[in-house]
Amino acid sequence: MKIFNTLSGRKEEFVPLDKNGVKMYVCGVTVYDVCHFGHALSYISFDVIRRYLEYRGYNVKYVQNFTDIDDKIINRSNERGIPWRDLVEKYISEFFADMDALNIKRATIYPRATEEIPMIIEVIKVLIEKKHAYVSTDGSVYFSVRSFPDYGKLTHQTAAEMRVTETLQAEKKEDSLDFALWKAAKPGEPFWPSPWGEGRPGWHIECTAMSIHHLGRQLDIHGGGQDLMFPHHENEIAQSECYTGLQPFVRIWMHNGFLQLGADKMSKSLGNLVTIKQALERNSADAIRLFIVSSYYRMPLRYSLEALDAAEAGIERMKQALKAEGKPGGTVVEPEQFKTRFIEAMDDDFNTPQAVAALFDLVREINRGNERGMDVGKARDMLKELTAVIGFTLQEKKAVSGELVAKIEELVEKRNGYRKAREWKLADEVRNQLKEMGIAIEDTPRGTTWKLTR
RNA sequence: GGCGGCGUAGCCAAGUGGUUAAGGCAGGGGUCUGCAAAACCCCUAUGCAGCGGUUCAAAUCCGCUCGCCGCCUCCA
């Protein structure tokens, strides 16, 4: 299996540290607002990667953090006049609701920054001892970027080349590239005690502390959006490698391409985001997932309603194939070649567009076999197996009450009565009535079937 | 200024040196059907932003031009 590593800039053969276990960390959300489509893109991409690794027999330990304390949370909590802890809890439950609705598998562990304070303090202490960090006059602690010669290796830059942007200098940094490990508390802000005074962790340090705490001093895979490459992941490397003295901190860095909305990127600061809830009102979770995996995870993806609807139609076709009965006992449709193509595609840096192409070819093979009276059972099972690796549910739209089912079936019978009597006009009226209820009718050789269309 | 990405059919999107340029959607024509729906079959890029170059051979490598975008400040 080959995986593209941002660090080396090329695809590498994947060999985990432990033969059977994969240690995987994916940067989570800062919980001050609801999740948007960009989060769906990133977390569905990594969900597929995780599912595929598991399918290939690896025992994946998947850690995803919550940043549950930072400036944005404090500001939002002040704006709304609600305690920051309540704000955080609210958005954590929203996060889980969204992820579950998208059929994203839960991580093994969801550590929170505020629950990792002892480990964070431990890491900072060691960094100070090793002279990679210093305490400033106000009780904040900064990482000394120039103490780490490898700084910039992930994004292929050197500290010397970096543009020095003049930020507001209330901060007491020795060098403008330095970043905060520990932020001294300002009056009224939440804080935790530390050897350097009351304060809270900086943004980057939590990922170092949590990943080392829960996965160990070196990881197999660390993922996130491309926006996190610099400075977040660059800083994580600096902290972690200085703390452990081991290289590399992460074997393979993976970054997903960014979502774009028309010409603009979708971002919280631009206020042009589509929330996951809004997306799910319009399209099914399966269609959203197909839309996302139809493009390669490292490429930018343009949000497109037209493409989402196209995905909806594609999902319908997959569902239809899963219903094909064929003729058990007939000539068997052999699905092995499709599985082989699927695996070859996924082994090549999770090339989901090609993997999905193999799935659609299998769909056609099943339908063709169905028409020709062949035994499609094996092929159908294979389709079920492989679509589950991508994370499709292929479930019917929603449960229907028994009462409604009775009503629908009554109408279907009524229509079939008219059909038998060759009362086409009346039969069509009933069909239209059902259509308005969101029910589609299909007359097959085995009788009339129906399904929900919304 | 530095680092990086993209431009393939009406739309989405793989392919990154060599058989007929995947797949999905949409469209056209058939088969089936009372008509539909679903499904199946056939068709839909002599061409991959443009111009040069390297090569026996390029969408794929190199150069230039045009257009679009990301990061360097919080962001998946």
Side-chain angles (χ1 to χ4, degrees), chain A residues 6 9 26-30 32-33 35-46 64 67 70-72 75 152 154-158 160-165 167-168 203 223-232 234 255-260 263-270 273 290-291 293-296 298-302 304 306-318 320-321 323-324 341 345 351-361 363-364 366-372 418-419 422-425 427-428 431 435 440-445 448-451 453:
Chain A
T6 305
V26 174
C27 282
V29 287
T30 301
Y32 74 104
D33 209 339
C35 289
H36 56 74
F37 206 94
H39 295 113
L41 167 60
S42 189
Y43 297 137
I44 286 175
S45 297
F46 285 107
Q64 181 170 18
T67 299
D70 90 322
D71 289 342
K72 294 186 293 295
N75 292 340
L154 181 67
T155 48
H156 314 107
Q157 312 170 71
T158 62
E161 293 164 353
M162 287 179 197
R163 178 195 253 177
V164 180
T165 40
T167 51
L168 26 151
W203 175 37
Q226 274 172 353
D227 56 315
L228 297 179
M229 275 164 59
F230 192 92
H232 185 55
E234 203 72 78
H255 294 96
N256 66 273
F258 236 73
L259 185 81
Q260 285 168 231
D264 298 317
K265 106 185 199 185
M266 196 183 293
S267 79
K268 292 182 185 178
S269 52
L270 289 176
L273 53 83
L290 179 57
F291 168 65
V293 301
S294 288
S295 124
Y296 189 35
R298 288 198 287 125
M299 294 296 177
L301 182 63
R302 242 174 301 281
S304 150
E306 203 182 344
L308 276 161
D309 290 344
E312 205 75 73
I315 286 293
E316 273 312 309
R317 222 171 121 232
M318 283 189 180
Q320 204 70 32
K323 286 191 215 156
R341 277 175 56 201
N351 192 327
T352 53
Q354 285 196 340
V356 164
L359 294 183
F360 276 109
D361 284 339
V363 163
R364 174 169 296 113
I366 290 170
N367 288 332
R368 191 183 289 163
N370 188 41
E371 297 244 321
R372 296 179 185 171
Y418 288 136
R419 288 177 71 213
R422 307 183 71 84
E423 296 276 10
W424 309 128
K425 208 169 174 184
D428 289 351
R431 181 165 64 196
K435 192 177 172 188
I441 291 295
E442 289 173 23
D443 297 321
T444 76
T448 302
T449 64
W450 57 271
K451 66 180 179 186
T453 56

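Throughout, protein chains are lettered first and strands after them, A, B, ... in sequence-line order, and every chain is numbered starting at 1.
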Q: What's the CZ-P distance between Arg298(A) and A76(B), to the nearest Å?
A: 21 Å
Q: Salt-bridged, Arg431(A) to Asp428(A), with N to O below 4.0 Å?
A: yes
Q: Searching all strands shown, indicate the nucleotide that pairs with C66(B) (Watson-Crick or G-U wobble; both distances under 3.5 Å).
A: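 C66(B) is paired with G7(B).
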Q: Reading nucleotides 17-31 of chain B 5' to 3', which nucleotides get B (base under 4.0 Å from a protein heavy atom), which S (sugar-phosphate only), which -?
A: -----BSSS------
Q: Taking atom P of C12(B) as reference, at what distance in whole Å does atom CG of Leu308(A) sit?
A: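 It is 13 Å, rounded to the nearest whole Å.
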Q: Name the pairing partner of U33(B), where a pair is Watson-Crick or G-U wobble with both distances under 3.5 Å, or state none.
A: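 Checking every strand shown, U33(B) finds no partner, since no pair has both distances under 3.5 Å.
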Q: So what's U44(B) paired with, Watson-Crick or G-U wobble, going by both distances under 3.5 Å?
A: none
Q: Which whole-number value in Å describes the distance from Gln260(A) CD to G70(B) P?
A: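 Distance check: Gln260(A) CD to G70(B) P gives 6 Å.
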Q: Kindly indicate whether the side chain of Asp428(A) and the base of G34(B) share any N or O donor-acceptor pair separated by less than 3.5 Å?
A: yes
Q: Can you find a donor-acceptor pair, distance only, under 3.5 Å between Arg431(A) side chain and C35(B) base?
A: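 Answer yes: a donor N or O sits under 3.5 Å from an acceptor.
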Q: Atom CG of Asn370(A) and atom P of A39(B): how far apart are they, to the nearest Å?
A: 11 Å
Q: Is there a side-chain polar atom (N or O) of Asn256(A) under 4.0 Å from OP1 or OP2 of A76(B)?
A: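 No, because none of the side-chain N or O atoms of Asn256(A) sits under 4.0 Å from OP1 or OP2 of A76(B).
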Q: For Arg317(A), enumerate each residue passing the salt bridge (Lys or Arg N to Asp or Glu O under 4.0 Å) test, keeping only those at least two apart in sequence or located in another chain.
A: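 Scan of Arg317(A) (salt bridge (Lys or Arg N to Asp or Glu O under 4.0 Å), adjacent residues dropped) gives none.
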Q: Considering residues at least two apart in sequence or located in another chain, which fulfil the side-chain contact (heavy atoms from CB on, under 4.5 Å) criterion with Glu316(A)?
A: Lys319(A), Lys397(A), Lys451(A)
Q: If you assign each of His156(A) and Gly28(A) to its closest nucleotide in RNA chain B, which residue comes earlier from the 5' end?
A: His156(A)
